[in-house]
Amino acid sequence: MPVSRTRKRTRVATHRPATRTRHYGHDDLTAVDLFSGFGGLTDGVRRAGFTTILAANHNEKKILVHEANHPDADHWIADLVDEDSADYHSARDLPAADLLCAGVSCF
């Protein structure tokens, strides 16, 4: 009889809403930062004139630091790569933005 291998799913993606509410979609140039880490790329994007509306990373500690440095962005604690991961979140659910950036230094 074949042995069934099932992956234990204990985590789910976490959404942490921004502290600032945007009134209009055209308030400013917007960016989404994937694999955001602590927020260095988000700082550069801000200096270039964009407001990061969402940052995503699989590491909760990095998102907590990013959130402290960039409280105006929504934050996802989620795996954006492995569809079999318990905390996977599809990139199809990303909000519309003027710029999509990704700091993939961990790869």
Side-chain angles (χ1 to χ4, degrees):
M1 182 176 270
V3 177
S4 172
R5 292 184 183 202
T6 59
R7 188 174 191 156
K8 185 177 179 182
R9 292 180 169 228
T10 57
R11 291 186 56 193
V12 294
T14 304
H15 294 232
R16 300 178 60 88
T19 58
R20 170 185 165 233
T21 303
R22 296 180 67 230
H23 296 287
Y24 305 102
H26 61 277
D27 282 351
D28 44 17
L29 293 172
T30 59
V32 170
D33 187 358
L34 305 181
F35 314 107
S36 60
F38 296 124
L41 183 57
T42 303
D43 280 340
V45 167
R46 180 187 50 77
R47 291 178 187 167
F50 290 83
T51 298
T52 298
I53 58 173
L54 175 80
N57 197 294
H58 69 282
N59 186 306
E60 182 176 6
K61 291 177 183 159
K62 290 181 180 180
I63 284 293
L64 292 175
V65 171
H66 192 287
E67 187 175 36
N69 291 326
H70 304 281
D72 293 339
D74 286 347
H75 290 85
W76 285 1
I77 304 168
D79 188 323
L80 302 173
V81 178
D82 183 5
E83 290 184 24
D84 294 329
S85 176
D87 61 344
Y88 173 74
H89 203 305
S90 175
R92 285 180 228 139
D93 297 327
L94 293 171
D98 300 304
L99 175 69
L100 176 65
C101 58
V104 291
S105 62
C106 59
F107 292 101

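When all heavy atoms of Ala68 and Pro71 are compared, the closest pair comes out as O-CD, 3.9 Å. Across Val32 and Leu34, no two heavy atoms sit closer than the pair CG1-CD2, 3.8 Å. Pairing each heavy atom of Ser36 with each of Ile63, the nearest pair is OG-CD1, 3.8 Å. Residue Asp33 comes nearest to Gly103 through the heavy atom pair OD1-N, 4.3 Å, listed as atom of the first residue, atom of the second, then distance.
Here the side chains of His89 and Leu80 are in contact, with some heavy-atom distance below 4.5 Å.
Leu64 contributes atom CG, which lies 9.0 Å from atom CG of Asn59 (distance to the nearest 0.5 angstrom). Distance check, rounded to the nearest 0.5 Å: CG of Leu94 to CD1 of Ile53 gives 9.0 Å. The CD1 atom of Ile77 lies 9.5 Å from the CG atom of Asp87; values are rounded to the nearest 0.5 Å. With rounding to the nearest 0.5 angstrom, the CD atom of Glu60 is 12.5 Å from the NE2 atom of His75.
Looking at residues two or more places apart in sequence or on another chain, you find a side chain to side chain contact (heavy atoms under 4.5 Å, CB included) between Phe38 and Lys62, Val65. Under the side chain to side chain contact (heavy atoms under 4.5 Å, CB included) criterion, His70 pairs with Thr42, Asp43, His66, sequence neighbours left out. Residues passing the side chain to side chain contact (heavy atoms under 4.5 Å, CB included) test with Ala31, sequence neighbours excluded: Val45, Phe50, Thr52, Leu99.
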Apply side chain to side chain contact (heavy atoms under 4.5 Å, CB included) to the pair Leu41 and Phe35, showing each step before the final yes or no. CA-CA 10 Å; Leu41 183 57; Phe35 314 107; over 6 Å; no
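With Thr51 contributing its side chain and Thr30 its backbone, the two residues share no donor-acceptor pair below 3.5 Å.
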